[in-house]
Amino acid sequence: QVQFVESGGGLVQPGGSLRLSCAASGFDFSQFVLGWYRQAPGKERELIGYIPRRGNTVYKDDVEGRFTISRDNANSVLFLQMNSLRPEDTAVYYCNRPYSRASWGQGTQVTVSS
């Protein structure tokens with residue numbers, strides 16, 4: 001059974017940083033494109049970036065240059081380093097497989113506020 005467990009969220013001031021982790025299980029992690037999503041209050045969940053098996057990571061325009069996705073295939077963990085955080089980054093963050101989506105994890109709440 002495919003599972004994702006996100007962690008690392010919290011309350012941070014504008015301009016601050018957070019590093020999110022996503023522990024995956026139930027599939028061959030190294031063989032899949034993996035992505036980070038977020039859902040802000042009152043909005044639909046959106047894909048903010050993904051990392052292929054090999055090659056360049058792709059980001060949504062408003063996080064490009066601030067967020068970095070990386071992966072640890074040996075331990076089946078996906079990371080999201082978030083820098084220069086803005087209030088509009090406030091959301092619940094999730095990970096999943098963009099091209100073969102599985103059930104969603106519980107997500108991790110990120111709140112950017114002074």
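Predicted model only: the values in this text are computed from it and were never measured. Both backbone and side-chain heavy atoms feed into the values below; hydrogens, waters and symmetry mates do not.
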Student: Counting only heavy atoms not in Glu44, do more than 12 fall under 6.0 Å of its CD?
Tutor: no
Student: Taking C-beta and beyond as the side chain, do Asp89 and Arg66 meet within less than 4.5 Å on heavy atoms?
Tutor: yes
Student: Can you check whether Leu78 reaches Phe4 side chain to side chain, under 4.5 Å on heavy atoms?
Tutor: no
Student: Determine, step by step, whether Asp72 and Ser70 satisfy the side chain to side chain contact (heavy atoms under 4.5 Å, CB included) criterion, reporting the C-alpha distance in whole Å, the side-chain angles of both residues, the deciding distance to 0.1 Å, and the verdict.
Tutor: CA-CA 7 Å; Asp72 177 353; Ser70 59; over 6 Å; no
Student: Just wondering, do Tyr94 and Leu20 contact through their side chains at under 4.5 Å, heavy atoms?
Tutor: no
Student: Would you say Pro14 and Pro87 make side-chain contact, with heavy atoms under 4.5 Å?
Tutor: yes
Student: Is the CD atom of Glu88 crowded by more than 12 outside heavy atoms at less than 6.0 Å?
Tutor: yes
Student: Please lay out, stage by stage, how Tyr50 and Ile69 fare under the test side chain to side chain contact (heavy atoms under 4.5 Å, CB included).
Tutor: CA-CA 7 Å; Tyr50 62 88; Ile69 297 173; 5.5 Å; no
Student: Keeping Asn96 on the side-chain end and Ala102 on the backbone end, is there a donor-acceptor pair under 3.5 Å?
Tutor: yes
Student: State, with a plain yes or no, whether a side-chain heavy atom of Tyr37 is found less than 4.5 Å away from one of Pro98.
Tutor: yes
Student: Give a yes or no on whether Tyr59 and Tyr99 share a hydrophobic cluster (residues Ile, Leu, Val, Met, Phe, Trp, Tyr; joining criterion: side-chain heavy atoms under 4.5 Å apart).
Tutor: no
Student: If you measure from CZ on Arg86 to OG on Ser84, what distance do you get to the nearest 0.5 Å?
Tutor: 7.5 Å
Student: Determine whether a donor-acceptor pair (N or O, by modelled atom type, separation under 3.5 Å) exists between the side chain of Thr90 and the backbone of Val112.
Tutor: yes
Student: Look at the side-chain heavy atoms of Ile, Leu, Val, Met, Phe, Trp and Tyr, link any pair under 4.5 Å apart, and say whether Val12 and Tyr93 land in one connected group.
Tutor: yes
Student: Taking the side chain as everything from C-beta on, heavy atoms only, tell me whether Val2 gets closer than 4.5 Å to Ser103.
Tutor: no
Student: How far does CD1 of Ile51 sit from OG1 of Thr57, to the nearest 0.5 angstrom?
Tutor: 4.0 Å
Student: Taking all heavy atoms of Glu6 and all of Cys95, pick out the closest pair and write down the distance.
Tutor: OE2-N, 3.1 Å
Student: Counting C-beta onward and ignoring hydrogens, is there a side-chain heavy-atom pair between Arg97 and Val33 closer than 4.5 Å?
Tutor: no
Student: For the CD atom of Gln31 and the CG atom of Asn73, what is their distance to the nearest 0.5 Å?
Tutor: 8.5 Å
Student: For the residue pair Arg71 and Leu34, what are the closest heavy atoms and their distance?
Tutor: NH2-CD1, 3.3 Å
Student: Would you name the heavy atoms of Val110 and Met82 that are closest together and state the gap between them?
Tutor: CG2-CE, 3.8 Å
Student: For residues Trp36 and Phe67, establish whether the separation of their ring centroids is below 6.0 Å.
Tutor: no
Student: Considering residues, nucleotides and ligands other than Asp61, do more than 12 of their heavy atoms fall under 6.0 Å from its CG?
Tutor: no
Student: Are side-chain heavy atoms of Arg38 and Val63 found at a separation under 4.5 Å?
Tutor: yes
Student: First locate atom CD of Gln1, then atom CZ of Phe27, and finally report the distance between them rounded to the nearest 0.5 Å.
Tutor: 12.5 Å
